[in-house]
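So that the names make sense, note that chain A is the first sequence line, chain B the second, and so on, each numbered from 1.
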Amino acid sequence: MLIPFRKLATYGQIADWIGAHGSARQVGWALRRLPLPSDIPWHRVINAKGQISMNPSREGSDWLQRELLIAEGIPVDQQGRLPLREHLWKPDLRPKPVNESSKQN
DNA sequence: CATTTGACGCTCT
DNA sequence: TAGAGCGCCAAAT
């Protein structure tokens, strides 16, 4: 499991997360060769525009993604736009939480 | 080995 | 807000 339930992440975000800044396209490339019945929540991965990457080459898997997101309670526009700002996932970039006293966010 | 292509991202108009 | 232009990196041809 990469992305928590009802959370969204962008390609660039993931790329940067795995230490491949600027390699967002490779993330998309990886998902592309991904077998559909996958254990990975690929449908929670969208582009930085806050939309599903709609493309004919996906042969409809993009629309499937839209349905899946809606199924999770995330409203998706006909254009594939979604409330990314409100569902953006925060990767575990905290290997050693200093102290909860300084917690904010 | 050189080019083209692509589920991307950021900036400027 | 939408569209165009340019940068990026790995795979395919």
* Spell out protein contact along nucleotides 8-13 of chain B as letters: B when the base is contacted, S when just the sugar-phosphate is, - when no protein heavy atom is under 4.0 Å; keep the 5' to 3' order. => BSS---
* To do: Mind listing the closest non-hydrogen atom pair of A/Asn47 and A/Ser53 along with its distance?
  =>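 Looking at all heavy atoms of both residues, the closest pair is ND2-OG, 3.2 Å.
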* How far apart are the closest heavy atoms of A/Gln78 and A/Trp63, and which atoms are they? ->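 Nearest pair, atom of A/Gln78 first, then A/Trp63: O-CH2, 3.7 Å.
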What is the distance from [atom1] of [X] to [atom2] of [N], rounded to the nearest Å?
X	N	atom1	atom2	value
A/Leu31	C/dA11	CG	C1'	15 Å
A/Ile3	B/dA7	CD1	C1'	13 Å
A/Gln51	C/dG3	CD	P	10 Å
A/Asn55	B/dT5	CG	P	14 Å
A/Asp16	C/dC9	CG	P	13 Å

* Output yes when at least one side-chain N/O atom of A/Ser57 is less than 4.0 Å from OP1 or OP2 of B/dA7, else no. =>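 Answer is yes, contact under 4.0 Å.
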* Give a yes or no on whether the backbone of A/Leu64 and the side-chain of A/Glu67 come within a donor-acceptor separation of less than 3.5 Å. =>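 Judged by distance alone, no pair lies under 3.5 Å.
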* Testing A/Ile3, A/Leu82, A/Leu8, A/Leu69 for side chain to side chain contact (heavy atoms under 4.5 Å, CB included) with A/His87, which one passes? ->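 Result for side chain to side chain contact (heavy atoms under 4.5 Å, CB included) with A/His87: A/Leu8.
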* Determine the contact category for A/Arg33: base if any of its heavy atoms lies under 4.0 Å from a base atom, sugar-phosphate if only primed atoms, P, OP1 or OP2 are that close, otherwise nothing. =>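 Here A/Arg33 touches no strand at all.
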* same_hphob_cluster(A/Met54, A/Val76) at 4.5 Å side-chain heavy-atom cutoff ->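 Yes; tracing contacts between hydrophobic side chains, which count when under 4.5 Å, links both residues.
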* Asked: Quick one: do A/Trp42 and A/Tyr11 end up in the same hydrophobic cluster if we chain Ile, Leu, Val, Met, Phe, Trp and Tyr together by side-chain heavy atoms under 4.5 Å apart?
  ->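 Result: yes, single cluster for both.
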